[in-house]
A.B. asks: 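Sending over a structure as structure tokens; questions will come in a sec.
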Amino acid sequence: MHSKPLVLVTHPMPEDWIAPLLEQTRVVVGPAGRPGVDPSLAPYFPEVEGLYTWLTDRVDDALLSQMPRLRVVSNFAVGVDNIDLEACTRRGIPVGHTPGVLTDAVADLTWALILAITRGIFPAARDAREGRWGMWAPTQWLGVDLQGKTLGIVGLGQIGQAVARRARGFGMRVLYTSRKAKPEAERELGAQRVPLETLLSESDVVSLHVPLTPETRRMIDEEALRRMKPTAYLVNMARGGVVDTGALVRALQEGWIAGAALDVTDPEPLPPDHPLYRLPNCVITPHIGSATRETRKAMALLACENLLLGLQGKPLRHCANPEVYDHLRRS
Ligand code: DGY
């Protein structure tokens, strides 16, 4: 009989990022390199009480049914589209996630990508490096100004708001869509709530910050892309599945929009021979929105805290399925 609960950490993490788990639980760590909860971990499933997952791990009914003692899932991400929340709730399992600590890192990268795509930074840098920097000339490597233009933020959650806050420094008008009006944010950020159709047709930069849900899957499809101005840019910091990739390729090839910057893609990773990589008006980064040393460590420690609270039967600091507590009260 073990006194400490068994926790499965699905992939290797730096020791100091999961130190609280190493101190207070028995930790089994899964292998690196392959997405998903590795089948080699199956012998541990019957004893697992806490599951610490990455966004590349699918947590569904089939997996949960093999873990009869599971009491908490803690996702090392703010997004929880990899987890069947309904199945967890039905089983009385709270799901932790990591909002807040990554807000600024993701908002900063959003602006890095907005600037990269609107100023053509990558093609210009490549030309310089590859010997195509001839005599300085007024019409070379021209981008567009942001000052006075319109930024459309799809999803004004914490990250969307942080992006809007930075937009003030760039002198941009801000439109947003959101399921609910956010009067306080509107006042603070000078942002205006509009229907998605209006945002798409009026914005010079459209930046996506919604979670991936059945409602948002492929919300940026051919119709949405055709609504955008031919001079507009699309930035996706949310999840690849929010955009119809095939339609985006055509939009970029045929000039329905001017360019796109994607930190997330569908599929992910994008295969090396994907047409998006060959388009000069597309910038792709490999899902690095939260990838700073400070932020990733803060996410890891918050995920530990959520997991340990769950094991103690206490409310998680950030729970993605708070309705689980009603369910637990009723049962
Ligand atoms: C998240 O947390 O959901 C991001 O996509 C990775 O930091």
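In listed order, ligands and their atoms are each counted from 1.
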A.B. asks: Provide the closest heavy-atom pair for L262 versus C282 in the form atom of the first, atom of the second, distance.
C.D. replies: CD1-SG, 4.1 Å
A.B. asks: Would you call the rings of F76 and Y52 parallel, tilted or perpendicular, taking 30° and 60° as the class edges?
C.D. replies: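 Aromatic pair F76/Y52 classed parallel.
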A.B. asks: Side-chain contact, heavy-atom cut-off 4.5 Å: I114 with L151?
C.D. replies: yes
A.B. asks: Using a strict cut-off of under 4.0 Å between a residue heavy atom and any atom of ligand 1, list the qualifying protein residues by chain and number.
C.D. replies: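 Answer by chain and number: L55, A77, V78, G79, L102, R239, H287, S290, M299.
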A.B. asks: Quick one: which residue pairs count as a ring pair (Phe, Tyr, Trp, His ring centres under 6.0 Å) with a foot in residues 146-194, not counting sequence neighbours?
C.D. replies: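 For residues 146-194, and leaving out neighbouring residues, the ring pair (Phe, Tyr, Trp, His ring centres under 6.0 Å) pairs sorted by first residue read W111-F170.
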A.B. asks: Pick from N75, D57, T56, T53: which one makes a side chain to side chain donor-acceptor pair (under 3.5 Å) with N82?
C.D. replies: N75
A.B. asks: Any link between I284 and L234 through a network of hydrophobic side chains (Ile, Leu, Val, Met, Phe, Trp, Tyr) touching at under 4.5 Å?
C.D. replies: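 Yes.
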